[in-house]
Q: 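Quick one: the structure is below, questions incoming.
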Amino acid sequence: MSGDDAQLDSHHHAPIVGYHRAPLSQKFGAPRQPNLVALTSVIEMLAPYDTPAAFVGLEAFSHIWISWQFHHNYIKKDNLANKNADTTKITGFRTQVRPPRLGGNQKIGVFASRSMYRPSALGLSVVKLERIEVIQGRAFLIISGADMIDGTPIVDIKPYVTYSDALVEAESGFAPTAPTLLAVTMTEPAYEQFLALANTGQPIGNEKEINIEQDTVTITMLMQQVQSQLLLSDIDIIKALIAQDPRPAYRRTQINMPFTMRYKSVDVSFQLIAVDELQITAVVEVM
């Protein structure tokens with residue numbers, strides 16, 4: 001086997017079939033596992049994979065597997081802030097990682113973790129399929145419970161089959177149960193800021209259909225609700241995201257240390273005010 005043949009055989013090239021459209025545009029605040037927060041989002045399929053015929057029968061399944069790409073992993077953390085920096089994706093192999101579930105201090109093998117820093121840079125999630133929308137001849141998947149951020153490339157979609165995929169006798173190693181949630185409160189000024197910015201419309205997750213005369217307007221409205229339009233119902237989602245405690249493990253005991261999570265069109269500031277209690281202190285529109 002020649003060197004060129006060996007190189008080809010060691011890599012698999014998969015097409016990007018769509019993109020994830022979501023309220024979270026940054027990694028900070030995103031759930032670390034799927035189905036921890038009932039966050040509604042959309043998979044926008046790309047041509048030719050957006051053909052409705054490709055999804056016939058999928059509506060009979062309540063959940064789907066999604067293969068996706070970690071697209072915000074860079075060699076250096078400051079690459080994102082430096083527009084002139086080399087933003088080559090990570091190519092080195094990390095043999096061990098520090099899972100947040102173990103406090104960020106204990107190392108385990110990368111293949112014993114679900115860390116984003118993987119040789120393939122691929123993620124795998126089970127999410128709830130709310131419904132399939134066909135708009136202007138294109139298929140859009142409305143989902144909930146994703147642990148992906150906005151713009152995540154989608155590699156593949158498959159139905160979740162309970163009899164083979166749900167193994168009740170399986171052992172979950174160092175993560176046998178869901179993480180403990182923290183209490184989340186909100187200051188009165190922060191709540192007033194939220195109300196001033198929130199739209200009174202209904203979230204797409206509660207709609208049976210989207211009835212707009214022009215399909216192009218429907219697509220625009222769908223994306224606006226998912227990515228930017230702040231709704232009154234978003235307050236519960238914001239609190240649920242913060243209750244997961246997205247702060248770095250080494251800072252989780254620091255009282256009054258401010259953190260900011262970007263959600264749709266706002267920056268939500270919060271901090272630890274007591275043991276096991278986080279408080280939202282400000283909701284500011286992103287300018």
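Please read these numbers as outputs of a predicted model, since none were measured by experiment.
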Q: I would like to know whether F270 and M261 meet side chain to side chain contact (heavy atoms under 4.5 Å, CB included); could you show each step before the answer?
A: CA-CA 8 Å; F270 64 95; M261 176 186 75; 4.2 Å; yes
Q: Mind checking the CZ-OG spacing from R94 to S113? Nearest 0.5 Å is all I need.
A: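 Atom-to-atom, R94:CZ and S113:OG are 10.5 Å apart.
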Q: Do L222 and L46 share a hydrophobic cluster, counting only Ile, Leu, Val, Met, Phe, Trp and Tyr and linking them when any side-chain heavy atoms are less than 4.5 Å apart?
A: no
Q: Side-chain contact test, heavy atoms from C-beta onward, threshold under 4.5 Å: evaluate it for M257 versus L272 and give yes or no.
A: no
Q: Shortest non-hydrogen contact from S125 to D147?
A: OG-OD1, 2.6 Å
Q: To the nearest 0.5 Å, how far apart are CZ in F140 and CD1 in I43?
A: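 F140 CZ to I43 CD1: 12.0 Å, rounded to 0.5 Å.
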Q: Nearest heavy-atom pair of V134 and P52: which atoms, and what distance?
A: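 Closest approach of V134 to P52, heavy atoms only: CG1-CG, 3.8 Å.
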Q: Just by distance, do the side chain of T187 and the backbone of A190 share a donor-acceptor pair under 3.5 Å?
A: yes
Q: Sub-3.5 Å donor-acceptor pair from the side chain of R98 to the main-chain atoms of N105, do we have one?
A: yes
Q: Give a yes or no on whether L58 and Y163 share a hydrophobic cluster (residues Ile, Leu, Val, Met, Phe, Trp, Tyr; joining criterion: side-chain heavy atoms under 4.5 Å apart).
A: yes
Q: Can you hop from V275 to I280 via hydrophobic side chains spaced under 4.5 Å?
A: no
Q: Check I154 against I157 and note the closest heavy-atom contact, atom names and distance.
A: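 Looking at all heavy atoms of both residues, the closest pair is CG2-CG1, 4.1 Å.
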Q: Within the structure provided, determine whether F194 and P189 are in side-chain contact (heavy-atom separation under 4.5 Å).
A: no
Q: Is there a side-chain contact between L182 and E277 in this structure, where contact means two heavy atoms from C-beta onward sitting under 4.5 Å apart?
A: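 Sidechains of E277 and L182: no contact.
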Q: Among the clusters formed by ILVMFWY side chains lying less than 4.5 Å apart, do Y49 and L129 turn up in the same one?
A: yes
Q: Decide yes or no for P23 and I237: does some side-chain heavy atom of the first lie under 4.5 Å from some side-chain heavy atom of the second?
A: no
Q: Does R101, at its CZ atom, have more than 12 non-hydrogen atoms belonging to other residues, nucleotides or ligands within less than 6.0 Å?
A: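 Check passes, neighbour count above 12.
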Q: Hey, does I108 have a side-chain heavy atom less than 4.5 Å from the side chain of P99?
A: yes
Q: Mark yes or no for whether K264, through its side chain, and Q229, through its backbone, hold a donor-acceptor pair below 3.5 Å.
A: yes
Q: S228 side chain to Q224 main-chain N or O, any donor-acceptor pair under 3.5 Å?
A: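 Checking the backbone N and O of Q224 against the side chain of S228, a donor-acceptor pair under 3.5 Å is found.
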Q: Can you tell me how far apart CG (L102) and NZ (K107) are? Round to the nearest 0.5 Å.
A: 13.5 Å
Q: So do the side chains of T185 and L278 get within less than 4.5 Å of each other, counting heavy atoms only?
A: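 A side-chain contact under 4.5 Å is absent here.
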Q: Nearest 0.5 angstrom please: Y117 OH to F93 CZ, how far?
A: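 Y117 OH to F93 CZ: 15.5 Å, rounded to 0.5 Å.
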Q: Is the number of heavy atoms from other residues, nucleotides or ligands under 6.0 Å of E169 CD greater than 12?
A: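 Above 12, so yes.
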Q: Would you call R138 and E133 a salt bridge, using N to O less than 4.0 angstrom?
A: no
Q: Yes or no on side chain to side chain contact (heavy atoms under 4.5 Å, CB included) for I143 and I64, after CA distance, side-chain angles and deciding distance?
A: CA-CA 9 Å; I143 62 174; I64 55 176; 4.2 Å; yes
Q: Heavy atoms only: give me the nearest P159-W65 pair and the separation to one decimal.
A: O-CD1, 3.6 Å
Q: Are S62 and K128 close enough that some pair of their side-chain heavy atoms sits under 4.5 Å apart?
A: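 Contact flag for S62/K128 side chains = no.
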Q: Evaluate the side chain to side chain contact (heavy atoms under 4.5 Å, CB included) criterion for residues H20 and D150: first the C-alpha distance (whole Å), next the side-chain angles of each, then the deciding distance (0.1 Å), finally the verdict.
A: CA-CA 6 Å; H20 185 239; D150 187 60; 5.9 Å; no
Q: Rounded to the nearest 0.5 Å, how far does CE of M148 lie from CZ of R21?
A: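 Between atom CZ of R21 and atom CE of M148 there are 12.0 Å.
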Q: For L122 and R118, what are the C-alpha separation, side-chain angles and deciding distance, and is it a side chain to side chain contact (heavy atoms under 4.5 Å, CB included)?
A: CA-CA 7 Å; L122 291 178; R118 320 196 65 77; over 6 Å; no
Q: What is the minimum heavy-atom distance between P34 and R114, and which atoms define it?
A: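 Reported closest heavy-atom pair: CD-NH2, 4.1 Å.
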Q: Please name the pair of heavy atoms, one in L124 and one in W68, separated by the smallest distance, quoted to 0.1 Å.
A: N-NE1, 3.5 Å
Q: Donor-acceptor pair, R247 side chain versus R252 backbone, under 3.5 Å?
A: yes
Q: Same cluster for L232 and V266 if Ile/Leu/Val/Met/Phe/Trp/Tyr side chains link at under 4.5 Å?
A: yes
Q: Between the main-chain N or O of T162 and the side-chain N or O of D165, is there a donor-acceptor pair closer than 3.5 Å?
A: no
Q: Going by heavy atoms in the side chains, are L241 and L24 under 4.5 Å from each other?
A: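 Heavy-atom side-chain distance check passes, below 4.5 Å.
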Q: CG of L195 to CG of L230: how many Å apart, nearest 0.5 Å?
A: 9.5 Å
Q: Taking atom OH as the centre, does Y191 end up with more than 12 heavy-atom neighbours from other residues, nucleotides or ligands that are less than 6.0 angstrom away?
A: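 Result for OH/Y191: open.
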